[in-house]
Number of protein chains: 2
Amino acid sequence: MSSALPRAARRGLADEAADLVRAAIFSGHFPPGAALREVELAERLGVSRGSVREGLARLTQEGLVRGGWHRGTTVIEVTAEDVQEVYALRAALDRLAATTARRAATAEHLSRLDQLVAEMATEIAAGSDAHRLVALDIAFHDQIYAAAGNGRLTTAWRTIRSQLHLFHLRRVDAAYDHYRARVVDEHRELAALLRSGDSRTLARRAEEHVDSARRSLLAGLPACAGTKSAEASGHH
Amino acid sequence: MSSALPRAARRGLADEAADLVRAAIFSGHFPPGAALREVELAERLGVSRGSVREGLARLTQEGLVRGGWHRGTTVIEVTAEDVQEVYALRAALDRLAATTARRAATAEHLSRLDQLVAEMATEIAAGSDAHRLVALDIAFHDQIYAAAGNGRLTTAWRTIRSQLHLFHLRRVDAAYDHYRARVVDEHRELAALLRSGDSRTLARRAEEHVDSARRSLLAGLPACAGTKSAEASGHH
DNA sequence: CATTGTCCTAATGTTGACATCAAGACATCG
DNA sequence: CGATGTCTTGATGTCAACATTAGGACAATG
């Protein structure tokens with residue numbers, strides 16, 4: 001048994017910097033393609049360049065920013081190809097996470113999922129802040145990964161989590177009504193299947209949930225080239 | 001078309017340091033559990049602590065070492081739970097990589113796979129250096145991920161690649177004959193399926209390939225506790 | 001004797017200065 | 001006029017000194 005209380009984490013400035021910059025990106029302060037200069041960030045955040053650098057390295061690992069040797073760091077763009085890549089990986093990851101969580105989830109995990117769904121419904125009933133709704137969406141899936149209890153799987157999830165967050169933010173800009181109309185029902189169904197569904201159905205629905213999100217996002221993207229040959233699946 | 005030659009990568013000292021330390025771990029110089037002190041490494045590698053630090057951060061992302069705030073960096077241990085986690089994730093990743101590569105692989109990729117299988121056979125016919133054989137095994141799967149052409153998938157693969165390498169090295173220590181007897185055939189079959197197999201069979205065999213490796217490794221691990229309840233799947 | 005509190009030390013976290021580099025402006029040459 | 005070379009500039013890469021911390025040795029205490 002691992003210790004129940006995981007040691008009150010005292011974090012370093014690098015984590016702090018990473019969180020701040022990530023939030024700034026999500027808030028739109030740094031739009032896709034924007035350059036993140038270390039000196040500028042260091043001054044604005046009141047920390048040294050070294051800490052900023054380490055924080056940016058973490059965001060790079062999350063795929064939220066890109067950088068090369070002596071070539072600076074920039075926020076990723078959202079192209080159709082990027083979306084295809086992320087969602088293809090996410091489908092595989094979510095499928096594994098769901099089936100694993102189906103066996104390993106505790107009562108706390110399951111009730112937290114219900115709570116998150118309830119918060120989504122409340123948020124929609126109220127003003128329905130798009131950003132908050134997206135955060136709840138991500139948190140829901142965070143909880144599934146946590147319930148699965150596979151540290152490596154969670155690490156892999158972290159490599160696309162922030163990108164997904166960015167994609168969702170763009171998605172609600174383009175088709176908020178469509179998103180708002182489906183988000184509660186889809187997540188409620190997933191939560192129910194995690195409680196009492198059979199693994200087969202759960203795995204299928206988890207993948208379909210991802211595919212639904214992917215199509216919704218691609219439809220709203222500027223019709224740039226490179227859609228590749230992925231639309232063959234059709235309807236059944 | 002992205003530029004055919006990916007720009008002669010001039011790498012920094014951090015990458016260099018990461019490669020050196022990784023190789024030292026694989027060579028057994030730093031056994032599992034060993035502490036990696038920044039000052040010591042900086043002196044031995046002839047670079048600054050900052051570069052070593054950045055390199056160690058990369059190895060942390062690869063899961064090959066673990067570290068906490070103000071608590072140093074140590075090589076990971078190989079417990080049964082770690083093995084279960086890595087192989088569960090790897091099965092999902094390999095499945096996606098194989099089915100994607102089935103559609104996207106170029107002739108170059110496929111012939112390189114054949115070449116790697118041939119090198120394995122040659123290596124076994126000759127002295128059969130265990131470490132080199134493992135390197136070829138990993139390189140084979142690297143090639144499949146490269147053929148799939150999904151950058152995010154490759155990133156996720158990198159988060160377990162080095163751990164897998166370490167596991168394999170331990171596996172050949174415990175059951176080299178068993179490994180040597182199967183490695184060529186299994187990989188040859190995968191290469192063949194990538195050329196002309198149907199996706200369904202390919203996906204199944206890719207998962208079974210991982211499962212075979214997992215069982216082989218677990219059998220050779222010290223019968224330490226914590227095997228969890230993973231083997232009970234049949235009865236309830 | 002077990003427990004608690006204090007101190008010490010060896011490591012990591014953080015910083016600002018210095019070295020190096022990529023990319024574009026500009027002049028030069030064919 | 002286009003191609004090539006150089007030079008400037010603004011950034012990142014690297015470094016060594018300083019600040020902070022975790023963990024253990026050790027004595028005081030009940």
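Residue numbers start from 1 in every chain, and the chains themselves are labelled A, B, ... in the order their sequence lines are given, proteins ahead of strands. Every heavy atom of this structure was used, including side-chain atoms; hydrogens, water molecules and symmetry mates were not.
Between Phe26(B) and His131(B), the gap from one ring centroid to the other reaches at least 6.0 Å.
Between Ser51(A) and dT15(C) there is a side-chain polar atom (N or O) within less than 4.0 angstrom of OP1 or OP2.
In this structure, Leu41(B) places its CG atom 12 Å from P of dA11(C), rounding to the nearest Å. One can place CD of Glu54(B) at 13 Å from C1' of dC15(D), the figure rounded to the nearest angstrom. Leu45(A) places its CG atom 13 Å from the P atom of dT14(C), with the value rounded to the nearest Å. Atom C1' of nucleotide dT14(C) and atom CD of Glu43(A) are separated by 17 Å, given to the nearest angstrom. Spacing between atom CZ of Arg53(A) and atom C1' of dA11(D) amounts to 11 Å, rounded to whole angstrom units. In this structure, CZ of Arg71(A) is placed 12 Å from C1' of dT12(D), rounded to the nearest angstrom. Atom pair Arg37(B):CZ and dA22(D):P shows a separation of 19 Å (rounding to whole Å applied). One interatomic measurement links the two molecules: CD of Glu38(B) to P of dA17(D), which rounds to 16 Å at whole-angstrom precision.
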- Message: Assess the residue pair Arg170(B) and Asp173(B) against the criterion (salt bridge (charged side-chain N to carboxylate O under 4.0 Å, His left out)); give the C-alpha distance rounded to whole Å, side-chain angles, the decisive distance to 0.1 Å, and a yes or no.
- Response: CA-CA 5 Å; Arg170(B) 172 157 291 202; Asp173(B) 279 348; over 6 Å; no

message = Arg53(A) vs Glu54(B), test: salt bridge (charged side-chain N to carboxylate O under 4.0 Å, His left out). Steps then yes/no.
response = CA-CA 10 Å; Arg53(A) 189 183 176 74; Glu54(B) 203 168 325; 3.5 Å; yes

task: Before giving the answer on salt bridge (charged side-chain N to carboxylate O under 4.0 Å, His left out), spell out for Arg161(B) and Glu62(B) the whole-Å C-alpha distance, their side-chain angles and the decisive distance to 0.1 Å.
output: CA-CA 7 Å; Arg161(B) 200 192 94 116; Glu62(B) 292 178 9; over 6 Å; no

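When heavy atoms are screened at a 4.0 angstrom cut-off, Leu56(A) is found touching no nucleic acid atom at all.
The main-chain N or O of Thr159(A) is found under 3.5 Å from a side-chain atom of Gln163(A) such that the two form a donor-acceptor pair.
Picking from dT12(D), dT15(C), dG13(C) the nucleotide with the shortest atom distance to the side chain of Leu13(A) gives dT15(C).
Here salt bridge (Lys or Arg N to Asp or Glu O under 4.0 Å) pairs that include residues 25-35 of chain A, with residues two or more places apart or in two chains, number zero.
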Set out, line by line, the N/O atom pairs under 3.5 Å between protein and nucleotides 16-19 of chain C.
none

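By the 4.0 Å N-to-carboxylate-O rule, Arg44(B) lies close enough to Glu40(B) to be salt-bridged with it.
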